[in-house]
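Presented below is the structure to which this report refers.
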Number of protein chains: 2
Amino acid sequence: MFPRHIKFAALAVDVAALSFIDGALNVRLVTTQVPVFKGKRALPGALIRPHETAHEAAVRVLEEKAGVSVKYLEQVCTFSTINRDPRGRVVSVAYMALLSPDELRAVKAREMHGAAWVPLSRIPHLAYDHDEIIQTTAARLRGKIEYTDIIRHLLPQAFTLTELQEACETILEHPLDKRNFRKKLLAQGIVKQTGKSAHASAHRPAALYMFTASRKGAVDLI
Amino acid sequence: MFPRHIKFAALAVDVAALSFIDGALNVRLVTTQVPVFKGKRALPGALIRPHETAHEAAVRVLEEKAGVSVKYLEQVCTFSTINRDPRGRVVSVAYMALLSPDELRAVKAREMHGAAWVPLSRIPHLAYDHDEIIQTTAARLRGKIEYTDIIRHLLPQAFTLTELQEACETILEHPLDKRNFRKKLLAQGIVKQTGKSAHASAHRPAALYMFTASRKGAVDLI
DNA sequence: AGGTAGTAGTGTATCATGGACACTAATGTT
DNA sequence: AACATTAGTGTCCATGATACACTACTACCT
């Protein structure tokens, strides 16, 4: 219904999928096959198809390139710089995906060649403007950790309070006081005991907690 | 460089330009000429051109349809629902623009037919998904007012503290305490006196203030 | 079995911040 | 000169934030 010259750009999504691995925040990277960037690392992405929304495309990318059906997916920003893709004009909608260790196991089960989890601290220079996308996404996550319970999507269904605290500390990049952290957390009723204990370590077992039903309003987590 | 069938969608920007008029937050609306929505109100928007970014397109829309060169423009969200535009697939990047009364005078100088400022409380049902865009934009503004000094873009270069407080109250939709408001504001050093006074009313003149240089970090405004 | 190493779990005292609250000051108008 | 109206100011209290150190529990080792 629009003349052809109006449709000059391709539409894409790029997804920064984040997950904790060995206590560090990792992002899922793939290896580009596009000639100009041949061999370079990039975020998983794909062109949006005529019959899907950007959100649906992001879900598909995660399924195809990370082999996971993600539970938390949030639009971050749209990048429309003219020469951001050497193949032609591509406008890309960036998404942040958060994966819990539970979901991560499904990824590991069917590992794909050329794709890998890379700690945020060791990310190489990426293809396209993906460096910028990751910076923007990480900043968004860091901001939301303080006033939402977004961290729940990065933790397993059951977790110890120490694990939760370490997750927050990793993202905020500064230590938190154990007693104050627990006091506030329990006062807000964000988590509750499962009744079970973790017996993973060779020491005193920690009580396992789970998140309570998500609140409608904002929470004051940290 | 991409095959033609990849470029199936048109790209657009829609801009929610906000400004205070008579103490109320208003948004700039135009009247659609598109047959399906003929006569309906909508946000000013336009298709992105091949040689401009979304941001540049938003700037252009404001110049063409609101007659103003805006100082504050922020990307809000990208809408990609498949049938959001009856003319065909259009993916739209929504922007929030904030105009000070100073900038507003330039708009009034060359008023355009079919365009008008409408108080947020009296917005009719709009064309496309523009109702949703306005809701999202207003929510973004309300959220940012508390932890940034974004309000500065909605005020004139010089203003009284009462004006500043009323602006915050209007956006937050609840009253603030005069003394506490001033205490916090001055403690943070966000504003400073200009040395001049407003002699507009028939009563005690108020001191005129201006914002200090924008801080790098977040401020705790309210 | 007893000791050791290592993590889990708990409370108080102080300090800073946020919120409630009411009067005096300055100006133009009558 | 009195009045009407808006501008401008400080204290007290409650709440939340922070600093801080010991006991409890378990597996492992000998």
Side-chain angles (χ1 to χ4, degrees), chain A residues 20 22-23 145-149 155-156 158-170 172-210 215 217-222, chain B residues 20 22-23 143 145-149 151 155-156 158-170 172-210 215 217-222:
Chain A
F20 277 111
D22 299 330
I145 205 108
E146 304 220 15
Y147 65 94
T148 73
D149 60 354
L155 290 174
F159 51 87
T160 69
L161 293 188
T162 301
E163 285 168 357
L164 174 52
Q165 184 178 339
E166 283 171 352
C168 290
E169 288 174 335
T170 300
L172 292 171
E173 293 178 318
H174 65 80
L176 298 169
D177 181 89
K178 182 161 67 161
R179 279 173 292 188
N180 295 337
F181 181 77
R182 288 167 184 230
K183 200 194 309 174
K184 191 161 181 179
L185 207 63
L186 296 171
Q188 300 233 353
I190 299 170
V191 295
K192 63 179 178 195
Q193 292 210 15
T194 60
K196 298 182 180 177
S197 306
H199 287 270
S201 83
H203 308 290
R204 175 172 175 175
L208 286 172
Y209 285 77
M210 59 188 296
R215 305 296 184 80
V219 296
D220 184 13
L221 189 62
I222 314 290
Chain B
F20 277 111
D22 297 332
I145 205 108
E146 304 221 14
Y147 65 94
T148 73
D149 60 353
I151 188 79
L155 289 175
F159 51 87
T160 69
L161 293 188
T162 301
E163 285 168 358
L164 174 52
Q165 184 179 339
E166 284 171 351
C168 290
E169 287 174 335
T170 300
L172 293 172
E173 293 177 319
H174 64 79
L176 299 168
D177 180 88
K178 183 161 66 160
R179 279 174 293 188
N180 294 336
F181 181 76
R182 288 167 184 231
K183 201 195 308 174
K184 193 160 180 178
L185 207 63
L186 297 171
Q188 300 233 351
I190 300 170
V191 296
K192 64 178 178 195
Q193 293 210 13
T194 61
K196 298 182 181 176
S197 305
H199 287 271
S201 81
H203 307 292
R204 174 172 175 174
L208 286 171
Y209 285 76
M210 59 188 294
R215 305 296 184 80
V219 295
D220 184 13
L221 189 62
I222 314 290

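Numbers restart at 1 for each chain; the letters A, B, ... are given by sequence-line order, proteins then strands.
- No hydrogens or angles were tested; on distance alone, nothing pairs the side chain of K183(A) with the base of dG16(D) as donor and acceptor under 3.5 Å.
- If you take CZ of F181(A) and C1' of dG9(C), they are 14 Å apart, rounded to a whole angstrom.
- A straight line from CG of L185(B) to P of dG8(D) spans 12 Å, rounded to a whole angstrom.
- L221(A) has its CG atom 16 Å from the P atom of dG16(D), to the nearest Å.
- Along DNA chain D, the nucleotide nearest A202(B) and the nucleotide nearest L208(B) are compared for position; the residue whose nucleotide lies closer to the 5' end is A202(B).
- Summarising the geometry, the separation between CD on Q188(B) and P on dA16(C) is reported as 16 Å, rounded to the nearest angstrom.
- With dC21(C), dA26(C), dG9(C) as the candidates, the nucleotide lying closest to the side chain of N180(B) is dC21(C).
- Remark: the R179(B) side chain and the dA22(C) base include a donor-acceptor N/O pair separated by less than 3.5 Å.
- Within the 3.5 Å criterion, the main-chain N or O of L208(A) finds a donor-acceptor partner in the side chain of T194(A).
- Put simply, NZ on K196(A) is 20 Å from C1' on dT26(D), counting in whole angstrom units.
- Residue whose closest nucleotide on DNA chain C sits further toward the 5' end, between K178(A) and H203(A): H203(A).
- Rounded to an integer number of Å, the gap from CG of D177(B) to P of dA14(D) is 17 Å.
- Between K178(A) and N180(A) the shortest side-chain heavy-atom distance does not fall below 4.5 Å.
- A 4.5 Å side-chain heavy-atom check between L186(B) and V191(B) finds at least one atom pair inside the cut-off.
- Across the protein-nucleic acid pair, R204(A) atom CZ and dG6(C) atom C1' stand 12 Å apart, rounded to whole Å.
- Looking at heavy-atom distances under 4.0 Å, T160(B) makes no contact with the nucleic acid at all.
- When heavy atoms are screened at a 4.0 angstrom cut-off, K184(A) is found touching the sugar-phosphate backbone but no base atom.
- The CG-C1' distance, from L176(A) to dC20(D), rounds to 16 Å in whole Å.
- Within the structure, every side-chain polar atom (N or O) of S201(B) is placed at least 4.0 Å from both OP1 and OP2 of dT6(D).
- Here the side chains of F20(B) and T170(B) are in contact, with some heavy-atom distance below 4.5 Å.
- Between T162(A) and Q165(A), the closest side-chain pair of non-hydrogen atoms is not below 4.5 Å.
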